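A note on names: the letters A, B, ... follow the listed sequences, proteins ahead of strands, and every chain is numbered from 1. In this text the structure is predicted, and so the values were computed from the model without any measurement.
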Amino acid sequence: MAGSTADASAAPTVGVLALQGDFREHIAVIRGLGAEARPVRRVEELAEVDGLIIPGGESSVMDKLSRAFGLADPLKAAIAGGLPVYGTCAGLIMLADTVLDAIEGQQSLGGLDVSVRRNAFGNQLDSFETDLEIPEFGDPPVHAVFIRAPIVEELGPKATALATLDDGRVVAVRQGNLIGTSFHPEITGEIRFHRHFLDIVRGASA
Amino acid sequence: MTDSTEGSIGTSRVKRGLAEMLKGGVIMDVVTADQAKIAEEAGAVAVMALERVPADIRAQGGVARMSDPSLIDDIVASVSIPVMAKARIGHFVEAQVLQELGVDYIDESEVLSPADYVNHIDKWPFTVPFVCGATNLGEALRRITEGAAMIRSKGEAGTGDVSEATKHIRTILGEIRTLAAKTDDELFVAAKELQAPYDLVVEVARSGKLPVVLFTAGGVATPADAALMMQLGADGVFVGSGIFKSGDPAKRAAAIVKATTFYDDPKVIAEASRGLGEAMVGINVADVPAPHRLATRGW
């Protein structure tokens, strides 16, 4: 599925899962970087993209809707087939192999060899913004907004940490064509994660 | 905040950010922990904890206040999606209490009896974000000036009649379109007419949208109602009495969630609308005498 319709010379097409959440912000960032972006709510739409972003939102709602409308299994198959996927916040939860503090019956798509805890910092009163040093991106630091954010509690051997808080807790990971962040670059004007993701998408569809 | 993390809490970005994450979702009124679990199970993006749904407040009359803290604790403990709770307009102590209880959002709501007929709550000093109702753009901008991090059009709560919700969302978005078409030299008078700060008026005119998320509320009772609000341009939907005053709340709630996501797909809306049982009984807004209209509370 990944890259099946892609012309390597053309700008890649990135889908943004648009079941719920801040998908418009992701679409704007991707378009700002000169690539095509379109919302994905249906299986047919998934087949037309070279990469997918799973936005911030409520993971339990995305899970229910993706299963109710038959997207979950094709998404899992696409991830297994190498489709590049970037998940922010709820998107990170959707990509985690194991979800802690899930609601009853909640499932994730999986793909990232990590255990992610929902609402790991507490309620909205504990939501915060801070600067993160990310060696891969250099200066300036990434300004990160954490909103009822999840955390990567266990990092499996296949996944690599991209960013940690000062206390060492992991808040961004990469594994092959998958990226997950606990925070929301899409609402702060931070474009480096999306640019990095587009590089992965171009590499995968070349 | 977790002690070992250096960061800023309660900033505008953090407050407005949570509302951004609720977009495309349905926020449901609940009065018990059991109802909260049903709402979460049905796909609510957040729940609004209150003592009586608007339809009962309307039927029973009397002064409607903030809920009992124990009830809010029970609801907070029962779900992992965000929990909102209502404070009376201008009642900053109820808001202090709700913040203390750890709710995720406070609704300074006309559905409760106002505590101050002149001033709304100064929402800036709070760490917890606020959502406020509005019937027009000027009202929305005044609430944002006071620190609201999210706006919902008011509609007429507890009626099951969507007509006021339609009117208010159309009014707000229509006034934004009008503002965006104005020349710079017309914005001074526009600010005067909207009774809103000039800088905020300029910001809306330039961006063509509010600086915060805009949901809609007040009278939404069916999947088609929710989709109507989304097609009109709302970012998401509050459903108050419409769910738990209906015949089959779990099924109706799940159907409204589906129709909100696929708001532009009549096939999905048709499927979601099948066999939902009785909708809430409903009152035509035209039959509600003016003194009993909730939308006129707040200014």
B:Ser8 versus A:Glu129, side-chain donor and acceptor atoms under 3.5 Å: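 No, no side-chain donor-acceptor contact under 3.5 Å.
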
With chain A as the partner, which of [options] has the greatest number of non-hydrogen pairs under 4.5 Å?
options: B:Thr127, B:Thr260, B:Val45, B:Val257; result: B:Val45
options: B:Gly24, B:Gly43, B:Ser80; result: B:Ser80
options: B:Lys37, B:Glu40, B:Arg16; result: B:Glu40

A:Asn123 CG to B:Leu18 CG distance, which is reported to the nearest 0.5 Å: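 A:Asn123 CG to B:Leu18 CG: 10.0 Å, rounded to 0.5 Å.
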
Atom pair CG (B:Asp104) and CG (A:Asp126), whose distance is rounded to the nearest 0.5 Å: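 These two atoms lie 9.5 Å from each other.
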
Short side-chain to backbone donor-acceptor contact, B:Thr261 and A:Leu19, under 3.5 Å: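 At least one qualifying donor-acceptor pair exists.
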
Quick one: what part of [X] sits under 4.5 Å from any heavy atom of chain A, side chain, backbone, both or neither?
X: B:Val76; result: neither
X: B:Tyr105; result: neither
X: B:Ala46; result: neither
X: B:Ala254; result: neither

Inter-chain contacts: residues 58-69 of chain A against chain B, heavy atoms under 4.5 Å: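 When heavy atoms of chain B are the reference, residues 58-69 of chain A contributes A:Glu58, A:Ser60, A:Val61, A:Lys64, A:Leu65, A:Ala68, A:Phe69 within the under-4.5 Å range.
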
Residues of residues 33-41 of chain A within contact distance of chain B, non-hydrogen under 4.5 Å: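 If one takes a 4.5 Å heavy-atom cut-off, the residues of residues 33-41 of chain A near chain B are A:Arg41.
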
Test item: A:Arg24 and B:Glu20 side chains (from C-beta on) under 4.5 Å apart, heavy atoms: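 Not in contact.
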
For a quick test of your reading: what N or O donor-acceptor pairs under 3.5 Å do the side chains of residues 92-101 of chain A make, sequence neighbours left out?
from: A:Asp97; atom 1: OD1; to: A:Gly111; atom 2: N; distance (Å): 2.8
from: A:Asp101; atom 1: OD1; to: A:Arg117; atom 2: NH1; distance (Å): 3.4
from: A:Asp101; atom 1: OD2; to: A:Arg117; atom 2: NH1; distance (Å): 3.0

Which atom of [X] lies closest to which atom of [Y], heavy atoms considered:
X: B:Pro129; Y: A:Gln124; value: CD-CG, 3.5 Å
X: B:Met21; Y: A:Gln20; value: O-NE2, 2.7 Å
X: A:Ser127; Y: B:Val14; value: CB-CG1, 3.4 Å

Chain B contacts, top residue of A:Ile187, A:Ile103, A:Asn119 (heavy-atom pairs, under 4.5 Å):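 Highest number of heavy-atom pairs under 4.5 Å: A:Ile103.
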
Residues in side chain to side chain donor-acceptor pair (under 3.5 Å) contact with A:Arg42, at least two apart in sequence or another chain: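 Result, side chain to side chain donor-acceptor pair (under 3.5 Å) vs A:Arg42: A:Glu45, B:Asp265.
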
Flag if over 12 foreign heavy atoms under 6.0 Å of CD, A:Glu104: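 No, CD of A:Glu104 has 12 or fewer neighbouring heavy atoms, counting only those of other groups under 6.0 Å.
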
Exceeds 12 heavy-atom contacts within 6.0 angstrom, atom CZ of B:Phe262: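 Atom CZ in B:Phe262 is packed in, count exceeds 12.
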
Under 4.5 Å from any heavy atom of chain B - which part of A:Gln106: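 A:Gln106 has no heavy atom closer than 4.5 Å to chain B.
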
Test log, rule side-chain contact (heavy atoms from CB on, under 4.5 Å), inputs B:Lys23 and A:Glu25: CA-CA 11 Å; B:Lys23 286 189 299 196; A:Glu25 284 67 20; 2.6 Å; yes

